[in-house]
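Note: hydrogens, waters and symmetry copies are ignored here, and every other heavy atom, side chains too, is used. Below, read A as the first sequence line, B as the second, and so on, with proteins coming before strands; counting in each chain starts at 1.
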2 protein chains.
Amino acid sequence: MGKSSRLSHSDVQRESGKQQVMDTIRAAGSIARIDISTATRVSPATVTAITAELIDVGLISEIVPDTPRQDAKRGRPRVALKIRGDAHRIAGIKVSHRVISVVVLDFEGNNIVDHEMPLTQGRMPVDDLCKTIMTALGQACDKAGIDVGTISGMGVGMAGMMDAKRNFVYWSSSLDERNVDFGAHLSRHAPCPIFIDNDANLVAKAEHLFGKGRNVSDFVVITIEHGVGMGIVIDNKIYRGTRGCGAEFGHTKVQLEGALCQCGQRGCLEAYVGDYALLREANITNGGAGHRDLGQLVDAAKGGDQMARSIFDRAGRMFAMGLANVVNIFDPKLIILSGARLSFDYLYSDQVIEEMRRWVVQIDAPPPKVRVHNWGDLMWAKGAAAYAIEEVSALAIRELATSDT
Amino acid sequence: MGKSSRLSHSDVQRESGKQQVMDTIRAAGSIARIDISTATRVSPATVTAITAELIDVGLISEIVPDTPRQDAKRGRPRVALKIRGDAHRIAGIKVSHRVISVVVLDFEGNNIVDHEMPLTQGRMPVDDLCKTIMTALGQACDKAGIDVGTISGMGVGMAGMMDAKRNFVYWSSSLDERNVDFGAHLSRHAPCPIFIDNDANLVAKAEHLFGKGRNVSDFVVITIEHGVGMGIVIDNKIYRGTRGCGAEFGHTKVQLEGALCQCGQRGCLEAYVGDYALLREANITNGGAGHRDLGQLVDAAKGGDQMARSIFDRAGRMFAMGLANVVNIFDPKLIILSGARLSFDYLYSDQVIEEMRRWVVQIDAPPPKVRVHNWGDLMWAKGAAAYAIEEVSALAIRELATSDT
DNA sequence: TGATTTAATTTGAAATTCAAAAAAAATAAT
DNA sequence: ATTATTTTTTTTGAATTTCAAATTAAATCA
């Protein structure tokens, strides 16, 4: 054993010319053949051949120049190509505890419809969850007046540990069972291919395809919701680690024998920056004088309350330390702080980022860029859709090779 | 900018069939064609064609079965292939402060000769270092009675930050100048291709080719010498980060506002586990009663000295915390603790590893394996040679394609 | 000795890619 | 208005790589 692990997959993973061209067009939005050629180092002849085939099957199209003349240059004008939005409809679904969010995107990534469906229970049996997901998708489709059957791929994101390759869920807080072949179950209800992954990875996908990670080959995305998540992109691919649970940034240790975390361990980053951690501190120091929620605490800090401010100060410093560790280990080009909640402002402040930079090993090269991306709640569902778009794209191209001509 | 970064290199990097076959043979040591086929998923027909060519140019050879009968099985017996050791001679050179270590290996990785040359000064001008390196290599060759001109590739490892791809050194403690095109300088003195990289990366290479990382696609190597280094292998490739300084594991922070590190920052792991850190503590607590060296300190701890023991205890706990953070971020299959100095026993103890495991997020899947690899001092030089072997191999195969039939 | 099994090789065809030449579509110059 | 020039795209024919299927080779088993 082991013998086969060394190289066996590199062949499968290596992108065919078609894939490469397709990805380049998607990344660019719109791009002429000659630019595809220079970007991919594939010869113009081949680009012509490939794009002709892709146009033929309807995956991409030429853009007719509406402005008759562009920036005056000689020579045959370049004609740009783009993904055909109407080639496929893709759904992205994010399952969280209280709600299921759905988006339907066209193949270009444009929003067709989005929808939220409240959940009465966070944890449920496998088949219930499948049905619930399909109900949510059905409602979204009704809203847009489209048929569920016209959707050609569906990404599903949820918290927990899973093997994306096999659509297998080791554990998720949304399921009352461990080690479920969730892909197989959901397939029975869904009329299209399904792609399941950890939600942190999906946000990374979303940033890569649609967000601030576009055209960046290596970066890290950090998200804060209830917990602290991290997604890693290396060489344009999601890095998933060996156990498939994604990077557990929230449980990196920032203090020996430190604060108690909900995971049962001590000194986790999450135990300093998570909302429950902040509230815990606030309510202890508050002398039991009634619970405060996070909004109140933020207001208090902004209003100059020393106590509240010191709580956020420490959280910020711990967060900077955790970030610095990531940079010292990974040395990414870019860190994206991706979030839906404005209440985490204090962690995304310039001060925290400055502090992180000071803790990074100093060398001549500039420290990694940090960009804050404040998506709405749809971020997660869009990530799921982004994943599905990539996979459907790959599928379509593989089919191309198999069938006809 | 940016636009071309997305895919441009994937084409260059993707292994040709020949590379794949060559790598598989090297990783296996010896392997039959049919097994190469299954390992690489390349058809038997192609494997036959490729291996025929490789045999033709003398890079590999068939192994004649010395034992006439093997484990009794029917069918045509498989004939194993192996790298031809005499195809090339490769040098590996590690520059440290007090000594230059040299190894010369054959193409299979067998030791032909090793040699150490003391240095009178640790930091020197570029051309001096080039000459010194060539002198050391000359001495090694003399020792073995071989001609320097017969060496077909040379790997050089040194501490510091460098861009391996360009053989460019941003900074090294062995040079009195920054931003040196060291490859260009050394090329003027050397009769063969040169490959330069950070020493931590080279140890990772050594483990991958010759050590405990053989046949493992993703792992992390941690080395402790004066400082704490880390090398990362992802998908059979060295992960170098964007700034090319390798992973700065030694400067990850394990304590907010903690102990002062030689880098000037506070709370670095190195400031707790580095030898100078231990001695600093020992000598403070010693009440100024004469300096003790690390050996003495180790002996004292083993002899039951409470003070000494508590120093190692804390160092061990900090090390475990640092390791746990790497696991929580990276989730590698395997961690190799690679070292030349036995005095670091206390960091590589079962207790420390157990502690680390407890600090890793608990999931169903087993935690990463930890293996201690106690190489001699040659580890570093062998790493340099390993790198050169890989590169010369790639070169030879590229030439194959270029020249003749 | 022939049947069976497994490994390796041969052969012809398919797929992919590219260099070089040609064509297309624009502007600039005369 | 015509020709020259420039740049992009397409066509064409050839080289390379790879594989499926058939064949050959080398062993053991009956």
>> Within the 3.5 Å criterion, strictly below it, is a donor on B:Asp106 or B:His88 matched to an acceptor on the partner's side chain?
In response: no
> Are OP1 or OP2 of D:dT10 and a side-chain N or O of A:Arg33 less than 4.0 angstrom apart?
Replying inline: yes
> So does A:Thr46 get a side-chain nitrogen or oxygen closer than 4.0 Å to the phosphate oxygens (OP1/OP2) of C:dC18?
Replying inline: yes
Whole Å only: how far is the [atom1] atom of [X] from the [atom2] atom of [N]?
X: A:Lys73; N: D:dT5; atom1: NZ; atom2: C1'; answer: 15 Å
X: B:Glu62; N: D:dA26; atom1: CD; atom2: C1'; answer: 13 Å
X: A:Ile34; N: C:dA25; atom1: CD1; atom2: P; answer: 17 Å
X: A:Gln19; N: C:dA15; atom1: CD; atom2: C1'; answer: 17 Å
X: B:Ile55; N: C:dA8; atom1: CD1; atom2: P; answer: 11 Å
X: B:Arg398; N: D:dT16; atom1: CZ; atom2: P; answer: 18 Å

[X] side-chain proximity, nearest of [options]:
X: B:Pro77; options: D:dA27, D:dT18, D:dT11; result: D:dA27
X: B:Arg76; options: C:dC18, D:dA20, D:dT24; result: D:dT24
X: A:Arg74; options: C:dT27, C:dT11, D:dT9; result: C:dT27
X: B:Thr48; options: C:dA3, C:dC18, C:dT9; result: C:dT9
X: A:Ala45; options: C:dA20, D:dT8, C:dT9; result: C:dA20

> So what does A:Val79 hit on the nucleic acid, given a heavy-atom distance under 4.0 Å: a base, only sugar-phosphate, or nothing?
Replying inline: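 Result for A:Val79 = sugar-phosphate.
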> Looking at B:Lys382 and B:Glu207, does any basic side-chain N land under 4.0 Å from a carboxylate oxygen?
Replying inline: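 Here B:Lys382 does not pair with B:Glu207 in a salt bridge, since their nearest N and O are not under 4.0 Å apart.
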>> Going by ring-ring contact (aromatic ring centres under 6.0 Å, His included), name the residues that satisfy it together with B:Phe168, two or more places apart in sequence or in a different chain.
In response: B:Tyr170
>> Taking side-chain contact (heavy atoms from CB on, under 4.5 Å) as the definition, give me every residue that meets it alongside B:Arg84, ordered by chain and number, with sequence neighbours left out.
In response: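 With sequence neighbours excluded, B:Arg84 shows a side-chain contact (heavy atoms from CB on, under 4.5 Å) to B:Ser61, B:Asp86, B:Ala87, given in chain and number order.
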>> Quick check: closest heavy atoms across B:Tyr239 and A:Asp331, and the distance to 0.1 Å?
In response: OH-O, 4.1 Å
